[in-house]
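Below: one structure, written as structure tokens.
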Protein chains: 2
Amino acid sequence: MRERHAPVRADRGGNPEDGAAVGRRRDPAATKRALLEAACRRFAHEGFASTTVRSIAGDVGVNVALINRYFDSKEGLFEACLRHTLNAVRAARTESGSADLDAVIEVIGEQVTASAWGDGSGDVLLLLLRSSGDERTERLRTTALLEMVDRIALLAPEVPGRSPEVVRLRAQLVLAAAVGAAMLRSARDFLPLAGADAQEIAAPLGDFVRALLSSRAD
Amino acid sequence: MRERHAPVRADRGGNPEDGAAVGRRRDPAATKRALLEAACRRFAHEGFASTTVRSIAGDVGVNVALINRYFDSKEGLFEACLRHTLNAVRAARTESGSADLDAVIEVIGEQVTASAWGDGSGDVLLLLLRSSGDERTERLRTTALLEMVDRIALLAPEVPGRSPEVVRLRAQLVLAAAVGAAMLRSARDFLPLAGADAQEIAAPLGDFVRALLSSRAD
DNA sequence: CTCACAAGTAAACGATTGTTTACAAGCGTA
DNA sequence: TACGCTTGTAAACAATCGTTTACTTGTGAG
């Protein structure tokens with residue numbers, strides 16, 4: 001119940017395009033990346049305190065000491081995960097900058113249901129809810145959340161007499177629904193939500209998002 | 001940064017109405033209740049793994065061993081917290097069984113913002129998101145969540161050609177928005193949500209809830 | 001080939017965790 | 001008052017945590 005993968009060594013997801021990185025028995029870049037991805041999954045699903053560095057190293061199949069070598073500390077690894085996620089959020093924002101509301105709703109549905117993208121940035125919504133208590137990582141976390149809010153708020157239709165503050169609050173509630181759904185899905189037997197796919201989530205969530213962002217009153 | 005109260009002994013919140021329980025230097029019932037309330041707060045805000053039994057005992061001002069005496073284990077204390085919360089949920093459901101949609105929306109707003117009721121059942125939404133990994137407590141947690149969903153689903157207006165399953169999913173998304181908002185509020189600087197009061201939450205959330213529950217399509 | 005450095009391992013470290021044990025003190029009862 | 005059970009405490013327990021140290025192994029440069 002503790003280990004996700006068998007602790008096989010194998011390759012650490014080395015990309016064939018990486019040239020000389022194929023077949024190398026020792027590949028620090030691949031090892032570091034594999035540790036980061038395993039850490040993202042563990043932290044997202046179990047939280048910071050429940051996750052042990054030994055379980056992360058075990059997922060990758062390397063010694064625990066490598067975590068401290070590559071990331072200084074468990075806290076440093078967690079910070080690297082948040083930074084990795086923040087970059088993914090920003091990349092998604094720039095590449096689809098001119099998306100419409102329906103497209104974003106679809107993305108939200110995918111994010112709520114996506115439980116593993118392989119590259120370690122699959123459980124964005126869950127990871128951004130986890131806290132280690134450290135001040136610096138807390139700022140990173142809040143920054144990523146607020147940038148997601150901005151992205152949602154920009155898509156809200158213009159409504160006369162509505163302050164930006166109000167739009168912002170409503171956009172935060174949209175994000176709240178997304179992270180809440182992602183969180184509740186972690187409870188087995190919480191059906192039908194726990195078993196719904198992206199499409200089934202996006203449909204009703206779309207009603208919610210549109211109502212929240214296009215409403216007139218305060 | 002670790003202790004919430006000064007570890008003063010004082011009385012453990014003994015109710016003057018409790019008759020002979022006033023002024024007693026030793027009051028096992030009050031001690032047990034104080035431990036339960038402190039545990040609910042700690043577990044809700046810090047999660048199961050991050051919370052130490054010593055910090056809980058320190059909040060109350062008693063020795064750590066009393067936790068094992070009264071609740072067998074840390075896990076037992078967590079289970080007692082969930083059971084306490086489940087009872088609070090059921091009590092709230094029966095006492096206001098004939099409430100309308102607006103009333104429930106107001107209650108949701110209060111629950112999202114309520115951070116301490118003193119009796120230990122203040123952070124219901126946060127506590128029900130915390131998991132210890134144990135199977136039995138996981139069932140308790142899911143049960144409480146599903147009963148809250150039922151309460152919301154019962155208030156959804158009748159719409160022709162809409163299956164109960166769809167209503168249920170939408171009610172779960174309403175709860176998701178509530179727990180998500182409660183969770184995001186724990187991030188300081190997540191403004192304006194983090195600083196909003198119950199009324200400011202209830203207004204936009206009401207739009208959301210009504211849109212989600214009264215929409216026609218699936 | 002050889003050698004120096006990087007990558008990875010094994011084992012132990014101190015600290016903290018939940019839990020247990022042995023003991024002190026309060027309180028009702030006789 | 002004196003006794004016995006309950007309530008609470010102090011201290012140590014074993015286990016596990018994150019981290020560090022000493023060591024082995026692989027690999028590319030000369």
Side-chain angles (χ1 to χ4, degrees), chain A residues 1-3 7-12 14 19-35 38-39 42-43 46-80 132-134 137, chain B residues 1-3 7-12 14 19-35 38-39 42-43 46-80 132-134 137:
Chain A
M1 222 325 197
R2 211 62 204 272
E3 304 294 330
V8 290
R9 188 67 186 295
D11 71 322
R12 328 243 213 285
V22 194
R24 283 253 288 270
R25 319 231 335 244
R26 308 179 108 177
D27 189 339
T31 301
K32 188 171 179 177
R33 178 159 32 92
L35 281 173
R42 288 276 183 180
F43 285 142
E46 307 172 7
F48 179 80
S50 295
T51 300
T52 68
V53 290
R54 283 182 169 84
S55 72
I56 297 174
D59 288 340
V60 180
V62 298
N63 192 275
V64 210
L66 289 187
I67 288 182
N68 294 88
R69 177 192 295 279
Y70 289 133
F71 301 96
D72 281 343
S73 62
K74 180 188 182 183
E75 183 71 45
L77 177 56
F78 183 62
E79 182 180 331
S132 70
D134 180 75
T137 59
Chain B
M1 211 347 186
R2 209 63 205 266
E3 303 295 332
V8 289
R9 189 66 187 293
D11 70 322
R12 326 244 213 286
V22 194
R24 283 252 289 269
R25 318 231 336 245
R26 311 181 105 180
D27 190 337
T31 301
K32 188 172 180 177
R33 177 159 33 92
L35 281 173
R42 289 275 183 180
F43 285 141
E46 307 172 7
F48 179 80
S50 294
T51 301
T52 69
V53 291
R54 283 181 170 83
S55 71
I56 297 174
D59 288 341
V60 180
V62 299
N63 193 274
V64 210
L66 288 187
I67 289 181
N68 295 87
R69 177 190 294 278
Y70 288 133
F71 301 96
D72 280 343
S73 63
K74 181 189 182 183
E75 182 71 46
L77 177 55
F78 184 62
E79 181 179 331
S132 70
D134 181 76
T137 60

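Residue numbering restarts at 1 for every chain, and letters A, B, ... go by the order of the sequence lines. Computed from heavy atoms alone, side chains included, the values below leave out hydrogens, waters and symmetry copies.
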Nearest-nucleotide wise, let me know which of A/F48 and A/R69 is further upstream toward the 5' end of DNA chain D.
-> A/F48
Distance, rounded to the nearest Å, where B/N68 contributes CG and D/dA10 contributes P | 16 Å
Which part of the nucleic acid, if any, lies within reach of B/F71 when heavy atoms closer than 4.0 Å are counted: base, sugar-phosphate only, or nothing?
-> nothing
Return the orientation label for the A/F78 and A/F43 ring planes: parallel under 30°, perpendicular over 60°, tilted otherwise.
-> perpendicular
What's the CG-P distance between A/D27 and D/dG28, to the nearest Å?
-> 10 Å
Which of the following nucleotides, C/dT19, C/dG8, D/dT19, is nearest to the side chain of A/V53?
-> D/dT19
Among C/dT9, D/dT19, C/dT19, which is the nearest nucleotide to the side chain of A/K74?
-> D/dT19
State, yes or no, whether a side-chain contact exists between A/E79 and A/F71 at a heavy-atom distance under 4.5 Å.
-> no
Gap between atoms CZ and P, on A/R33 and C/dA7 respectively (whole Å) | 15 Å
Can you find a pair of side-chain heavy atoms, one from A/Y70 and one from A/R33, that are under 4.5 Å apart?
-> no
Roughly how many Å is it from CG in A/L66 to P in D/dT25, rounded to a whole number?
-> 16 Å
Value in whole Å for how far the C1' atom of D/dC17 lies from CG of A/L77 = 15 Å
Between A/I67 (CD1) and D/dT19 (C1'), how many Å, whole number?
-> 11 Å
Side-chain atoms of A/R54 come closest, of C/dT19, C/dT9, D/dG18, to D/dG18
Candidates D/dT21, D/dT19, D/dG8 - which lies nearest the side chain of A/A65 | D/dT21
Quick note, A/Y70 side chain, CB onward, closest among C/dA10, D/dC17, C/dA7 is C/dA7
Among C/dA10, D/dG18, D/dG8, find the nucleotide with the atom closest to the side chain of A/N63.
-> C/dA10
If you look at every heavy atom in B/S132 and B/T137, which pair is closest and at what distance?
-> OG-OG1, 3.1 Å
Presence of A/T52 side-chain N/O under 4.0 Å of D/dT16 phosphate oxygens OP1/OP2 = no
Rounding to a whole Å, what distance do you find between A/R42:CZ and D/dC17:P?
-> 11 Å
Side chain proximity check, B/E75 to B/F48, heavy atoms < 4.5 angstrom | yes
